[in-house]
Amino acid sequence: MYQHLPVYAGDPILSLHEAFMADPRPNKVSLSIGLYFDEQGRLPVLDSVRKADQKLREQERPSGYLPIEGAPDYRAAVQKLVFGADSAAVAEGRIATIQGVGGSGAIRIGADFIKSFMPGSDVWVSDPTWDNHESLMQGAGLKVARYPYYDADSNGLRYDEMLAFFARLPAGSVVLMQPCCHNPTGIDLSKAQWSGVIQVMKDGGLVPFLDMAYQGFGEGIEEDAWAVRAMVEAGLCPLVTNSFSKNFSLYGERCGGLSVVCPSADEADRVLGQLKAGIRRVYSSPPLHGERLVAAVLDTPALHQQWVAEVKDMRERIKRMRVLLAERLTAGLPGMSVDFLTEQHGMFSYTGLTSDEVDTLREKHGIYLVRSGRMCVAGLNEGNVQAVADALIVVLRARS
Ligand code: KET
């Protein structure tokens, strides 16, 4: 009956993580999937989240269905965090926000929305981008293609080419960008560069789709949302997805959001209605426990403050690991520039390693990177960074 089905080739990120979990070598190191590990190599349970969880369990609230669009307090908390506590667009009721099943589910609902209501709009993603961006958009039946982004020669951004490319796109084109901590390259735009993008998007009638999965892992929770807020202030109407998987360390709870900024409150009502119709026919309503945790932390001042401090600790630990790895590599490979490691933002670093070199790291040294050469720096710690540096030095020396 199913003989004609092709064998699934696996996912470039999740299948590697499965292989890592099955690897019996005790000194294996996971630098592939975007998971933040602490100094002990564990997935942290944030203290703010633990406290919220205890309180919720004491309350023994029943587990009824949430509304299709998600819980009102959670959706309001998403808006505040993403658009800012003093956002005029939020106050004017111009943003339609739904709770997403993780950031991924939010992106898919956004993609379905584009397919249904923006006929003829193609989606443009950065070259390269998170692999699943393309799959999620294509899964909704959208046409996806890439715009210039990463410059391998300089390990930098092809900014002028990107801007010129945007200027040639037809009005109504959807341009997917990441406001902070670009996955997979770690290369973000400066404020001045964002301002240039905003102008070109306004002039050309483009629709920004901003996917923010790492808010707080770049420069700070408010700082990382700068591009989102600047776009809204400039009068653009972006679709914005966010995820709490990483900054709450709640990967399995599947907590995210999709916010569609609209020109008016009336349009936001219509959009929300159609988002609900879209959700109802896919998964009906979202899950509830993780959403309660996030809302409890964000809405309780003491817990919120503690969470901000915990995100800061995670961010600073990642930055320290970047510096440590760069130092160790420079010691073993004098003359080789590894400045890109400390210049990139967020969890990921694009190392420039070939897929063969990545395979060698995994097979010979038990160190897992994505085959594109993407390294999750948040998997490093003081206990494994020297071993990782040593293995990288062996692989890089073999080049010459
Ligand atoms: N957007 C981006 C840019 C992203 O990197 C991820 C996850 C998501 C959205 C999805 O978030 P979630 O809330 O888990 O649905 N990225 C990591 C995990 C994965 O591939 O699923 C990663 O790149 O390793």
Side-chain angles (χ1 to χ4, degrees), residues 10-21 30-37 43 70 74 78 81-82 98-111 123 125-137 139 144 146 149-150 175-189 208-218 224-225 227-228 238-259 282-283 286-287 290-291 293-294 318 344-350 358 368-379:
D11 180 82
I13 298 172
L14 299 186
S15 300
L16 259 178
H17 187 57
E18 286 167 17
F20 172 82
M21 297 303 277
S30 171
L31 306 177
S32 58
I33 191 167
L35 292 172
Y36 174 91
F37 293 101
L43 273 187
Y74 175 88
V78 166
L81 198 67
V82 172
I98 59 106
Q99 182 180 331
V101 181
S104 306
I107 295 168
R108 176 54 194 259
I109 295 300
V123 178
V125 298
S126 60
D127 179 21
T129 193
W130 179 47
D131 294 294
N132 212 26
H133 278 150
E134 279 165 319
S135 308
L136 285 163
M137 295 294 173
V144 190
R146 296 180 172 206
Y149 192 84
Y150 177 69
V175 179
L176 195 158
M177 299 187 81
Q178 299 177 46
C180 62
C181 308
H182 185 265
N183 177 8
T185 67
I187 297 166
D188 289 339
L189 278 67
F209 190 124
L210 302 173
D211 180 30
M212 183 158 60
Y214 303 94
Q215 188 177 2
F217 278 17
D224 288 354
V228 178
L239 287 84
V240 186
T241 47
N242 72 296
S243 165
F244 294 116
S245 299
K246 331 275 168 168
N247 57 13
F248 270 77
S249 194
L250 280 177
Y251 306 85
E253 294 289 350
R254 314 307 297 132
C255 281
L258 163 68
S259 300
V282 183
Y283 57 84
E291 157 279 312
L293 292 174
V294 171
I318 295 173
Q344 296 163 346
H345 291 88
M347 275 180 140
F348 301 115
S349 180
Y350 223 39
V358 170
Y368 284 69
L369 271 69
V370 179
R371 295 191 80 235
S372 64
R374 185 191 85 170
M375 175 194 287
C376 179
V377 188

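Order of listing sets the numbers, starting from 1, for every ligand and every atom in it.
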| query | Under 3.5 Å, is there a donor-acceptor pair between the side chain of Lys246 and the main chain of Ala213? | reply | no
| message | Below the 3.5 angstrom mark, is there an N/O of Lys246, backbone or side chain, next to an N/O of ligand 1? | response | yes
| field | Shortest protein contact, atom 11 (O) of ligand 1 (heavy atom only) | value | Ser243 OG, 3.8 Å
| query | Would you say Val78 and Phe244 make side-chain contact, with heavy atoms under 4.5 Å? | reply | yes
| message | I need the contact type for Arg374 against ligand 1. Using non-hydrogen atoms and a strict under-4.0 Å cut-off, is it side chain, backbone, both or neither? | response | side chain
| request: Would you kindly specify which portion of Ser104 sits under 4.0 Å from ligand 1, judged on non-hydrogen atoms: side chain, backbone, both or neither? | output: both
| If you measure from each non-hydrogen atom of Met347 to ligand 1, which part falls under 4.0 Å: side chain, backbone, both or neither? | neither
| said: Considering both backbone and side-chain atoms of Ala213, is one of its nitrogen or oxygen atoms within less than 3.5 Å of a nitrogen or oxygen in ligand 1? | reply: no
| message | I'd like to check which ligand 1 atoms, numbered from 1 as shown, lie under 4.0 Å from a non-hydrogen atom of Asp211. | response | 1 (N), 2 (C), 3 (C), 9 (C)
| field | Minimum side-chain heavy-atom gap Val370-Tyr350 below 4.5 Å | value | no
| query | Are Tyr214 and Ile318 side-chain neighbours, meaning at least one heavy-atom pair lies under 4.5 Å? | reply | no
| task | Verify, without hydrogens or angle tests, whether Gln178 (side chain) and Asn183 (backbone) share a donor-acceptor contact under 3.5 angstrom. | result | yes
| query | Counting both backbone and side chain atoms, is some N or O of Gly105 under 3.5 Å from an N or O of ligand 1? | reply | no
| field | Residue and atom name of the nearest protein heavy atom (relative to atom 24 (O) of ligand 1), distance in Å to one decimal | value | Gly34 N, 2.6 Å
| Of the listed options Trp130, Tyr251, Tyr214, closest to atom 5 (O) of ligand 1 (non-hydrogen atoms) | Tyr214
| field | Proximal candidate to atom 13 (O) of ligand 1 [heavy atom criterion; set Ala106, Gly257, Ser245] | value | Ser245
| How about His182 and Tyr150: are their ring centroids closer than 6.0 Å? | no
| request: Please work out whether any backbone atom (N, CA, C, O) or any side-chain heavy atom from C-beta onward of Ile33 is under 4.0 Å from ligand 1, and answer side chain, backbone, both or neither. | output: both
